[in-house]
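Okay, structure first, notes after.
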Amino acid sequence: MEQDYDAHRIENRWQSHWNESSIFEPEPDEREKFFITIPYPYLNGNLHAGHTRTFTIGDVIARHKRMLGYNVLYPMGFHVTGTPIVGLAELIENRDPQTMNVYSRLHRIPDDILETLTTPERIVDYFSVEAEKAMRSIGYSIDWRRKFTTTDDTYKKFIEWQFNLLHDKGLIVKGAHPVKWCPNDNNPVEDHDILHGEEATIVDYTLIKFTHKNMVLPCATLRPETIFGVTNLWVNPDIEHAKIKVSKEGCEEIWVVSQEAYRKLTFTDRTVEFIENVAGKDLVGIKVKNPLSGKEMITLPASFVKPGNGSGIVMSVPAHAPYDYLALKDLYDKDLSEYGITEDLQEIELISLIEAKDFKEYPAVEAVEQLGVKDQNDPKAEEATKIVYRREFHSGILKENTGKYAGVAVSKIKDILTRDLLDEGIGEVFYEFSEPVVCRCGTSCVVNMVKGQWFLNYSNPDWKDKVYKCIENMNIIPEEIRVEFNNKVDWLKDKACARKKGLGTRLPFDTNWLIESLGDSTIYMSYYITNKFFAQGIKTEQLTPSLFDYVLLGKGSVQQTAIDTGLAETLIANIKSDFDYWYPVDLRSSGKDLVPNHLLFFLFHHVAIFEKDKWPRALAVNGFVSLEGQKMSKSKGPILTLREAVDTYGADVSRMYILSSAEQTQDADWRNAGVESAKKQVERFYKLAKEIIDSGATSGIEGELKLIDRWMLSRLQQCVRETNNDMTSIRTRGALQNAFFLLYNDLKWYQRRGGSAVLYDVLDVWVRLMAPFTPHICEEIWSAMGHEEGNFVSQAAYPIFCPRFIDNDAELAEELMCSTLSDIEEIIKVTKLTPKMAVLYTAPQWKVTAFKIALKMKHNEDLNAGKLIKTLMADPDNRKHGKEIPKYVQKIVPDISSMKTERFEMLLGMRLDETTILRENIGCLSNEIGCPIQVYNADEPEYDPENKSRFALPLRPAIYLE
RNA sequence: GCGAGGGUUGCCCAGCUGGUCAAAGGCGCCGGACUUAAGAUCCGGUAUCGAAGGAUUUCGUGGGUUCAAAUCCCACCCCUCGCACCA
């Protein structure tokens with residue numbers, strides 16, 4: 001071992017040793033396998049601190065499992081399909097200043113190379129080499145023989161096979177879907193092209209078709225159930241409307257809507273023809289028919305109706321919509337004869353259709369009255385609306401007058417009712433933004449239906465059922481996110497899976513389209529296994545569908561596959577048996593950003609393609625990483641590359657830091673100050689290990705052990721147990737807390753208390769315990785401890801909990817020492833004395849006996865003060881303490897009865913002689929306190945000027961300072 | 001709006017299957033040892049009161065359950081993230 005810790009030398013040395021001996025290139029054998037994967041990185045930049053976290057977690061699990069005796073496969077590939085790499089190439093080609101600056105300064109790409117990265121291919125080539133170098137430099141135990149990029153021709157064959165299969169199963173369907181669209185650019189707008197309204201979402205309204213003669217007056221609503229409570233329609237008399245011919249799927253109708261709505265309708269999947277303008281006031285006072293009930297109702301004028309919202313015509317539900325109620329009330333004493341309306345509007349009866357918590361018959365009326373809303377222009381009307389809508393949505397139940405829907409919860413009714421209205425031809429779906437969207441070019445955007453689009457049919461209930469089943473049987477870490485997964489599955493709709501732009505594989509059954517880049521990353525874990533063979537010189541055209549069918553699905557025969565592909569039968573059989581050995585994925589570990597997309601699709605595609613026994617077994621999710629409190633951005637900075645972290649701090653320090661900075665789904669913040677402190681810890685580890693090794697220490701575990709040695713070994717086992725527990729639930733922070741920090745502190749205390757016999761044994765366990773986290777330094781120490789070349793700690797057995805070393809008495813004795821010490825210090829602090837001498841009195845026999853009897857009574861679930869006193873008084877020896885006994889019992893009984901089981905069991909088996917322990921350690925105590933110490937038993941104190949000995953309790957000696 | 005997560009001591013952050021919790025660890029700060037000095041390292045302190053190991057008030061706010069609540073229940077306030085064709 002070298003004098004000082006030189007991270008880079010140690011790390012380089014062990015990385016090349018690992019390489020030379022290929023210890024991370026597993027082949028199937030008789031051991032149980034463990035196949036762990038993490039999502040491959042997208043290569044539009046160098047790997048950064050965010051990747052470092054996810055990948056290091058993967059590596060630490062891989063190493064832990066390997067040391068536990070599993071045959072571990074941890075592979076890696078690179079994702080390059082999609083548009084960002086193409087976009088990056090363009091930006092570099094155009095020498096975009098920000099891009100050039102960020103990639104040169106933060107991604108640390110040499111300028112002469114950066115300038116050449118003007119095509120997607122060169123970018124892929126460059127970053128894939130860099131990414132591999134970076135991952136090797138931090139010591140990941142990856143099997144590099146299996147790597148690939150998603151634009152490899154062989155990979156494309158695999159994707160084509162998958163998509164053909166899904167298509168054949170009917171899981172890829174053609175349809176239309178709504179997108180944000182700029183009519184000026186004649187293109188969908190992506191998020192970064194939006195000037196205003198990035199937050200806008202596409203909301204689906206239900207369009208309900210009221211009729212007047214042969215004319216349709218469609219009303220858009222988010223609450224289609226309120227159709228049962230409509231009393232009239234609202235039309236704004238001051239706006240211009242349009243009469244249009246609308247045809248859809250061969251059905252032709254005449255509609256009247258606002259001008260804005262007319263414009264929006266032209267972008268939907270309807271054909272729209274303009275007929276004439278219609279003044280708003282001409283639409284007021286006409287009779288329209290409710291399409292569901294057939295009832296006639298009147299249209300009334302309202303100023304709150306905005307032409308840009310929905311169709312520009314609104315249905316009125318005054319019982320449940322405050323605006324409707326207010327507008328109606330406003331009209332009660334108005335003269336409407338100019339619209340030809342003569343009836344008394346007060347006779348319009350409100351129709352209540354929802355039973356909601358804390359509301360009586362007419363929620364809208366109640367809310368308006370409670371808030372004192374004056375009229376439809378009062379700002380408080382908005383608040384009243386919110387209250388009514390929210391409460392009705394959450395607690396509302398439909399009443400009898402809704403016919404077959406009676407009893408259905410308002411929160412569940414929308415989809416059911418919309419489908420029924422659609423089927424009956426009296427309703428349609430109408431998409432609208434939640435807020436206005438403006439394109440970068442200044443044009444106001446619309447919702448457009450893209451036709452002829454291919455969809456992955458994720459909304460398919462049978463498909464979803466299989467995913468639910470898969471999730472149910474999976475281990476999900478942390479368990480809390482299981483509910484989130486289920487929610488997301490529930491929420492997932494069909495997903496457009498084809499693109500016109502970017503890198504990727506063409507859709508095999510419609511080659512105008514490219515497969516969307518999340519769709520091509522769903523079952524690629526299986527490709528790692530086959531790619532080991534493909535990479536050895538199989539021709540692309542030999543990768544026939546029948547090969548994938550046979551290897552991955554077990555369909556067909558090896559003979560036929562050999563004929564189809566021209567490959568040897570033995571080779572094909574090998575590929576298949578490898579696949580059968582390694583699959584399924586035992587653990588997929590990922591950042592939490594991938595939960596609502598990739599991880600979901602990963603599950604969907606697995607259940608669609610594979611049989612149950614090949615479905616993934618576990619999922620783990622971790623949080624993000626920010627940089628000194630700032631969110632990282634590959635394209636704009638700030639960013640810290642993995643490479644830079646390793647260059648600056650070393651691999652082991654970077655690993656230890658990122659693993660200890662946050663737990664599970666919590667976000668981590670990378671801070672230089674924190675890494676510096678991690679570095680100190682690693683150096684301390686090195687120094688301490690070196691001291692132990694240099695001292696020539698050898699195993700002392702079989703020799704005679706002192707109390708303190710037994711204490712150390714007992715504590716060590718606690719750390720071993722906790723570390724393994726934490727690792728099984730992937731709590732790396734907790735694991736390091738135990739495997740490193742607590743153990744280090746215990747070891748320091750052990751040395752301070754004069755322990756040395758088992759130092760070597762502790763180090764032997766400690767190095768193995770730490771090896772998954774900081775593998776390089778552990779190899780270095782391991783080898784310095786005398787293990788010969790080729791004997792790697794990376795392959796050594798991981799320490800597992802050994803109960804025989806647990807020694808409760810040793811731990812209690814040490815606890816006695818510590819608490820006595822801190823009590824003395826406390827007294828010194830409060831009294832500001834400088835003691836010339838300290839006297840300790842251990843508890844008298846009767847107190848110890850009483851304590852033990854009390855413990856036994858609790859053990860028999862029969863602990864009560866009265867009985868305890870009686871039992872004690874029965875012994876004549878105790879009678880002389882007759883006055884003290886009740887007081888003492890009153891004190892210990894509540895203590896013991898409220899004791900936690902663990903503590904209780906520890907005390908129950910206690911066999912300590914406190915006096916002896918304290919006397920044996922007088923040297924240590926007087927050293928710490930700085931004065932001579934005397935120890936007596938309270939039964940026979942030789943020196944007790946202030947009668948302090950009467951305060952002595954078990955595990956709590958009385959103290960007298962002089 | 002919908003869904004998920006979170007609000008702890010100067011800061012970051014543990015604890016949250018109720019009792020050993022004035023609450024781990026790290027940082028910062030204070031004191032000490034070492035050093036010519038600085039740095040590093042090591043030791044101790046760091047809610048308030050207290051001349052004997054104790055007492056008191058704390059874990060977003062307000063209630064509740066309990067012998068006992070940071071931990072369980074209810075309501076409220078605040079914060080972060082995702083909401084789709086972008087990887």
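This is a predicted model, so every value here is computed, not measured. Naming convention: chains lettered A, B, ... in sequence-line order (proteins, then strands); numbering from 1 in each chain. What's counted below: heavy atoms across the whole structure, side chains too, no hydrogens, waters or symmetry copies.
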*Locate the shortest heavy-atom distance separating A:S626 from A:D669; write the atom from each residue and the value.*
OG-OD1, 2.8 Å

*asked:* Rounded to whole Å, how long is the line connecting atom CG of A:L594 with atom P of B:C81?
replied: 17 Å

*asked:* Can you tell me if A:K680 touches the phosphate of B:U41, counting only side-chain N or O atoms and a distance under 4.0 Å to OP1 or OP2?
replied: yes

*Given the P atoms of B:U9 and B:A24, what is the spacing between them in whole Å?*
13 Å

*Just wondering, more than 12 heavy atoms not from A:K500 lying within 6.0 Å of its NZ?*
yes

_Pick the closest RNA chain B nucleotide for A:G82 and for A:R671 by heavy atoms, then say which residue is nearer the 5' end._
A:R671

*Heavy-atom pair of closest approach, residues A:D667 and A:F624*: OD1-N, 2.9 Å

_Euclidean distance for P, B:U17 against B:A70 (whole angstrom)_ = 14 Å

*Rounded to whole angstroms, how far apart are CD1 on A:I481 and C1' on B:G3?*
14 Å

_Atom-pair distance (CD on A:E825; C1' on B:G32), nearest Å_ = 14 Å

_What's the gap between B:U71 and B:A51 when it is taken at their C1' atoms, as a whole Å value?_
37 Å

*Rounded interatomic separation in angstrom, taking CG from A:D667 and P from B:A4*: 18 Å

*Can any side-chain N or O of A:K464 pair as donor or acceptor with the backbone N or O of A:L492 at less than 3.5 Å?*
yes

*asked:* Counting only side-chain nitrogens and oxygens, does A:N487 get under 4.0 Å of the OP1 or OP2 atom of B:A4?
replied: yes

*Between atom CZ of A:R715 and atom CG of A:L742, what is the distance when rounded to the nearest 0.5 Å?*
7.0 Å

*Checking all strands, does A:N597 fall into the base, sugar-phosphate, or nothing category for heavy-atom contacts under 4.0 angstrom?*
base

*Starting at the 5' end of RNA chain B, what dot-bracket string do you get if Watson-Crick and G-U pairs under 3.5 Å are bracketed, crossing pairs use [ ], other-strand pairs use | and unpaired bases use dots?*
((((((((.[[[..)...(.....]]]((((((.......))))))(((....)))...[[[[[..)....]]]]])))))))....

*In whole angstrom, give me the gap between the P atoms of B:A38 and B:G32.*
11 Å

*Considering only B:G15, B:A87, B:A84, which nucleotide approaches the side chain of A:W491 most closely?*
B:A84

Tabulate atom names and distances for all N/O pairs under 3.5 angstrom spanning the protein and nucleotides 52-60 of chain B.
residue, atom, partner, partner atom, Å
B:A52, N6, A:L961, O, 3.3
B:A52, N1, A:I959, O, 3.4
B:A52, N1, A:L961, N, 3.2
B:G53, O2', A:D823, OD1, 2.9
B:G53, O2', A:R956, NH2, 3.2
B:G53, N1, A:P957, O, 3.1
B:G53, N2, A:D823, OD2, 2.8
B:G53, N2, A:P957, O, 2.9
B:G53, N3, A:D823, OD2, 3.2
B:G54, OP1, A:R956, NH1, 3.3
B:G54, OP1, A:R956, NH2, 3.2

*asked:* Please report the distance, rounded to the nearest Å, between NZ in A:K493 and C1' in B:A84.
replied: 9 Å

*Just do the side chain to side chain donor-acceptor pair (under 3.5 Å) check on A:D520 and A:T81 with the steps written out, would you?*
CA-CA 8 Å; A:D520 75 5; A:T81 42; 2.8 Å; yes

*Out of B:G82, B:C27, B:G25, which nucleotide sits closest to the side chain of A:P596?*
B:G82

*asked:* On RNA chain B, does the nearest nucleotide to A:D494 precede the nearest nucleotide to A:K748 from the 5' side, or the other way round? Give the residue.
replied: A:K748

*Select base, sugar-phosphate, or nothing to describe what A:F741 touches, counting heavy atoms under 4.0 Å on all strands.*
nothing

*What does A:H79 touch in the nucleic acid at a heavy-atom separation under 4.0 angstrom: a base, only the sugar-phosphate, or nothing?*
sugar-phosphate

*Counting distance only, does the side-chain N/O of A:K690 pair as donor-acceptor with the main-chain N or O of A:Q3 below 3.5 Å?*
no

*Pair A:F601 and A:Y458, ring centroids less than 6.0 Å apart*: yes

*Return the value, rounded to whole Å, for the distance between atom CG of A:N672 and atom C1' of B:G28.*
17 Å

_A:I477 side chain near A:L619 side chain, heavy-atom distance below 4.5 Å_ = no

*Among the nucleotides B:G50, B:A4, B:G5, which one has an atom lying closest to any side-chain atom of A:E484?*
B:A4

_Span that lies between the P atom of B:G1 and that of B:G10, in whole angstrom_ = 33 Å

*asked:* Salt bridge or not between A:E479 and A:R482? Use side-chain N to carboxylate O under 4.0 Å.
replied: yes

_Atom P, compared across B:U20 and B:G54: separation rounded to whole Å_ = 14 Å

*Using 4.0 Å as the upper bound for N to carboxylate O, is an ion pair formed by A:D823 and A:R956?*
yes

*So, A:E815 side chain and A:L955 main chain: donor-acceptor pair closer than 3.5 Å or not?*
no

*Separation of atom CD in A:E480 from atom C1' in B:G3, rounded to whole Å*: 16 Å

If you restrict it to nitrogen or oxygen atoms, what contacts under 3.5 Å exist between nucleotides 19-22 of chain B and the protein, and what is each distance?
residue, atom, partner, partner atom, Å
B:G19, OP2, A:K900, NZ, 3.0
B:U20, O4, A:K900, NZ, 3.0

*Quick one: is B:C42 close enough that its OP1 or OP2 comes under 4.0 Å of any side-chain N or O from A:R684?*
yes

*Drop me the distance from A:L518's CG to A:H598's NE2, to the nearest 0.5 angstrom.*
8.5 Å

_Classify A:A673 by what it touches in the nucleic acid, base, sugar-phosphate, or nothing, heavy-atom distance under 4.0 Å._
nothing

*When the ring centroid of A:F740 is compared with that of A:F685, is the distance short of 6.0 Å?*
yes

*Separation of the C1' atoms in B:G5 and B:C11, to the nearest angstrom*: 22 Å

*Under 4.0 Å between a side-chain N or O of A:R752 and OP1 or OP2 of B:G44?*
yes

*Measure from NZ on A:K679 to P on B:A40 and round the result to the nearest Å.*
14 Å

*What interatomic distance, in whole Å, is found between P of B:G15 and the corresponding atom of B:C21?*
16 Å

*Answer yes or no: does a side-chain N or O of A:T665 lie under 4.0 Å from OP1 or OP2 of B:G5?*
no

